[in-house]
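Okay, so here's the structure we're looking at.
For the single chain, residues carry numbers from 1 onward in sequence order. Every heavy atom of this structure was used, including side-chain atoms; hydrogens, water molecules and symmetry mates were not.
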Amino acid sequence: MLLHTQPGVTMWTKAKVLRGAFCAAQSVHAVKHRPGSCSVGRGPGKTWVRPSGFDTGLKTFNSLTKQKEPLILTREGIATWYSCGPTVYDHAHLGHACSYVRFDILQRILSRLFGITVIHAMVITDIDDKIIKRSLEDNVSPTTIASVYEEEFKRDMLSLKVCDVYFDIQSIGHRYGKFVGAVGCQVEPGNSNKRDGRDFALWKPSKPQEPFWDSPWGRGRPGWHIECSTVASSVFGSQLDIHSGGIDLAFPHHENEVAQSEAYHLCGQWANYFLHSGHLHLKGSAEKMSKSLKNFVTIKDFLQSYSANEFRMFCLLAKYRSGVDYSDGSMLEARTSLRTIATFIHDATVYMKGQLHCSPVREAVLWERLAEIKSSVAKALADDFDTPRAISAVMNLVYHGNCQLQPVSKCEGVTRSPAVFGAMVSYITDVLDVFGIDLLHSKEAAEVRSGGSLEAVVEQLTHFRSEVRAFALVPQDGPTKPGLYPERIPLLKACDTLRNDLAPLGVLIKDRGATSTWELTPRKGSQRVQDEDQETSS
């Protein structure tokens with residue numbers, strides 16, 4: 001089980017699922033013949049009762065009502081949140097990552113932006129039909145299979161900066177069927193002991209060579225749904241604010257969780273809000289990315305080509321509950337967005353240091369734009385965590401900042417405005433940090449810091465080159481001699497050659513009129529950066 005109270009502070013513990021599941025199964029079995037035993041009266045299955053408590057001022061799309069609802073928490077400033085984790089029988093893939101990263105972003109927004117402490121629990125399923133099947137195929141114990149892939153899953157999540165006795169459906173009256181498609185959908189396989197085709201297993205009898213535990217119904221193991229109800233109940237008791245998971249889990253998994261939990265706790269509304277994330281698809285495929293379909297990209301393989309920051313930006317560019325296509329094109333969009341932001345932060349920092357001379361800045365306009373963007377971002381995130389709209393607002397701020405950073409060759413008498421750019425950079429980095437993106441302490445930044453005294457050397461070299469270029473760019477005197485001094489043109493070419501030779505070594509020099517700026521970059525991909533710079537510089 002994963003349990004944490006805020007992003008970045010995570011405690012992994014082994015869930016005591018089986019003992020709790022055994023007790024819960026006994027209790028649910030004992031009340032299954034007591035229809036209408038819940039203390040709160042309910043109508044049809046889709047009825048939802050607005051909870052009483054602390055109104056956060058946010059709205060979120062609730063799968064129980066199929067519309068946005070005010071997010072009201074049982075206790076002020078505290079959100080209890082349970083989410084379904086993976087079944088660890090194979091490598092975790094981007095479909096898993098997309099759901100977990102999306103909900104991690106939502107929890108960060110609640111915690112960092114709106115000051116709500118999130119207490120989050122997630123179960124990792126380590127006993128299941130798929131795990132047993134894989135163990136028989138590989139001729140190892142189910143425990144070994146689960147242990148290997150559980151540890152791999154934990155490492156993947158850290159790298160992305162982010163766990164048959166039948167339930168009698170008729171015993172809870174008409175309250176079964178809270179999610180669209182629940183009635184008439186595919187039912188769980190079983191035998192003639194079922195009273196209703198929708199009845200599902202609380203306790204499954206073990207087959208030869210399968211793990212088992214003793215119970216009043218013989219040797220067996222928990223059914224698919226009971227573990228989530230057991231873990232959530234053991235952590236949060238009979239009331240839960242938020243339950244999340246992939247949209248494919250709404251039925252039957254979440255439907256059956258609700259049924260058995262409300263029967264066990266004798267309550268009418270166990271979880272107040274259900275949040276479901278959309279599927280991740282390979283572009284051009286109608287099928288979701290999944291292990292069973294063998295159409296997945298593992299997280300480990302993905303991180304060989306892209307960074308965790310880039311994947312988070314990819315997730316931010318789509319609403320958490322919408323389906324999203326994964327492709328090189330969509331990842332390039334995320335990479336480009338990050339690069340645009342990073343370039344602005346760099347240029348603004350260079351300006352604040354006095355290394356970039358610009359035309360007079362319309363400071364009042366930028367202060368006004370910053371205030372508008374702050375308000376827009378807060379409103380977007382309070383409206384069902386609309387991250388695409390928030391990112392669009394941030395990119396708009398970057399655009400207006402870039403419009404003001406217009407380099408000039410001479411700056412005598414020009415008033416500088418570093419304060420407003422400092423405020424803009426601070427706000428943008430804070431917003432990205434809320435989303436789990438840290439551009440200031442990224443892998444690239446670490447490589448720059450490892451250069452040590454190299455920065456001082458590059459600074460002196462760039463300064464010397466700038467003086468040489470300024471000398472070479474002085475125009476000839478008189479109307480009859482337009483252009484540069486011919487004898488100085490070789491100096492200008494030598495400066496260009498030096499710039500081009502340094503780029504593959506990770507030193508990127510950008511000429512801005514008669515002045516120049518520099519930055520240290522990873523060698524990987526530096527040739528592409530160099531080519532782009534050549535197109536825009538003199």
Side-chain angles (χ1 to χ4, degrees), residues 336 339-363 366 398-418 421 444 447-448 451-538:
T336 301
R339 187 171 179 181
T340 299
I341 296 172
T343 300
F344 167 72
I345 291 175
H346 173 265
D347 291 349
T349 302
V350 169
Y351 172 81
M352 288 186 285
K353 290 179 178 179
Q355 297 174 343
L356 176 60
H357 305 300
C358 294
S359 305
V361 170
R362 300 173 63 192
E363 188 171 348
L366 289 182
V398 169
Y399 167 77
H400 285 283
N402 283 331
C403 287
Q404 298 293 324
L405 290 176
Q406 298 299 319
V408 294
S409 57
K410 296 181 179 180
C411 62
E412 290 82 1
V414 175
T415 302
R416 297 179 63 253
S417 305
F421 283 100
E444 293 77 13
E447 291 175 351
V448 171
S453 61
L454 177 61
E455 292 187 4
V457 174
V458 173
E459 174 65 31
Q460 292 299 320
L461 176 63
T462 304
H463 178 71
F464 174 76
R465 179 180 173 277
S466 295
E467 290 188 338
V468 173
R469 285 187 74 254
F471 176 75
L473 289 170
V474 172
Q476 297 187 78
D477 294 331
T480 60
K481 296 180 179 181
L484 306 177
Y485 289 100
E487 64 272 19
R488 300 184 185 182
I489 292 178
L491 292 176
L492 192 60
K493 291 182 178 179
C495 289
D496 288 343
T497 299
L498 177 61
R499 178 197 62 200
N500 297 340
D501 290 344
L502 288 175
L505 301 177
V507 179
L508 181 62
I509 296 178
K510 294 184 178 181
D511 294 322
R512 306 173 185 276
T515 62
S516 301
T517 61
W518 61 268
E519 62 179 299
L520 299 181
T521 64
R523 295 190 184 188
K524 180 180 178 181
S526 59
Q527 184 63 46
R528 176 166 54 86
V529 173
Q530 171 193 351
D531 293 340
E532 293 176 357
D533 189 48
Q534 286 177 335
E535 295 176 1
T536 58
S537 61
S538 59

side-chain contact (heavy atoms from CB on, under 4.5 Å) with Ile509: which of Thr517, Leu498, Thr462?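 Exactly one candidate clears the test, Thr462.
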
To the nearest 0.5 Å, tell me how far [X] [atom1] sits from [Y] [atom2].
X: Met352; Y: Asp347; atom1: CE; atom2: CG; value: 10.5 Å
X: Asn500; Y: Cys495; atom1: CG; atom2: SG; value: 11.0 Å
X: Thr497; Y: Leu492; atom1: OG1; atom2: CG; value: 9.5 Å
X: Arg499; Y: Leu508; atom1: CZ; atom2: CG; value: 9.5 Å

Can you check whether Glu363's main-chain N or O pairs, donor with acceptor, with Gln404's side chain at less than 3.5 Å?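 Answer holds: no.
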
I'd like to know if the side chain of Tyr351 reaches the main chain of Arg416, judged simply by a donor and an acceptor atom lying under 3.5 Å from each other, with no hydrogens or angles considered.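 Answer holds: no.
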
Using side-chain heavy atoms (C-beta onward) and a distance below 4.5 Å, is [X] in contact with [Y]?
X: Lys510; Y: Thr343; result: yes
X: Leu461; Y: Leu502; result: yes
X: Gln476; Y: Leu484; result: no
X: Pro360; Y: Thr415; result: no

Heavy-atom closest contact ([X] atom, [Y] atom, distance):
X: Ser417; Y: Val361; answer: OG-CB, 4.0 Å
X: Pro490; Y: Pro486; answer: CD-O, 3.6 Å
X: Tyr485; Y: Pro475; answer: CE1-O, 3.7 Å

Could you check whether atom CZ of Arg362 has more than 12 heavy atoms from other residues, nucleotides or ligands sitting under 6.0 Å from it? no

Salt-bridge present (Lys493, Asp496; N to O < 4.0 Å):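 Asp496 and Lys493: not salt-bridged.
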
